[in-house]
Amino acid sequence: RTVDLIIPVPLHPEKLKKRGYNQSEQFAIGLSIGLQKSYSAVHLHRYTNKESQTRKKRLQRWQNVANDFYLKNENELTNKHILLVDDVLTTGATLDACGQALLAAEGVKISIATIALVM
């Protein structure tokens, strides 16, 4: 099934303000243009501004992002196939937490895309 909507893994607004950009969002915008599919940075959001996961161990990463994402206007995602975009896949904790939030919308199907895989 073709993708209906491309959604990047969001940064908390404070982190976005400090960094100035969301690299996952930039990747998602490029995919949106290349695939000629709609893109949204307004549906998936992050509750808290947490420290980077880069120095955390596997279990700590999962605990750090569990229940950290939520949806706005979830009815707009009903029965959509969403391409969830992140910059790097390390343990899958962030993508899993985002996916759990997205699955709150009825009939959602999720695919993922990342720029890099760290093993």
Euclidean distance, [Y] [atom2] relative to [X] [atom1], rounded to 0.5 Å:
X	Y	atom1	atom2	value
I7	L71	CD1	CG	7.5 Å
E25	D87	CD	CG	12.0 Å
L77	E106	CG	CD	12.0 Å
H45	C98	NE2	SG	11.5 Å

*ILVMFWY cluster, I110 and L95 together (side-chain gap under 4.5 Å)*: yes
*asked:* Please determine whether residues V88 and F27 belong to a single hydrophobic cluster, defined as Ile, Leu, Val, Met, Phe, Trp and Tyr linked transitively by side-chain heavy-atom distances below 4.5 Å.
replied: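 No, no single cluster joins them.
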Which atom names give the shortest non-hydrogen contact between [X] and [Y], and what distance separates them?
X	Y	answer
D86	S24	OD1-OG, 3.1 Å
R19	L11	NH1-CD1, 3.7 Å
H43	E76	NE2-OE1, 2.8 Å

*So does Q26 have more than 12 non-hydrogen atoms from other groups sitting under 6.0 Å from CD?*
yes
*For I6, which of L35, L84, I82 qualifies under side chain to side chain contact (heavy atoms under 4.5 Å, CB included)?*
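Exactly one candidate clears the test, L35.
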Side chains of [X] and [Y]: closer than 4.5 Å at any heavy-atom pair?
X	Y	value
L31	K37	no
V42	N73	no
F69	Q100	no

*side chain to side chain contact (heavy atoms under 4.5 Å, CB included) with I33: which residues, sequence neighbours excluded?*
I29
Could you list the donor-acceptor pairs under 3.5 angstrom formed between side-chain atoms of residues 111-119 and any protein atom two or more places apart in sequence or on another chain?
| from | atom 1 | to | atom 2 | distance (Å) |
| --- | --- | --- | --- | --- |
| S111 | OG | H81 | NE2 | 2.7 |
| T114 | OG1 | A116 | O | 3.3 |

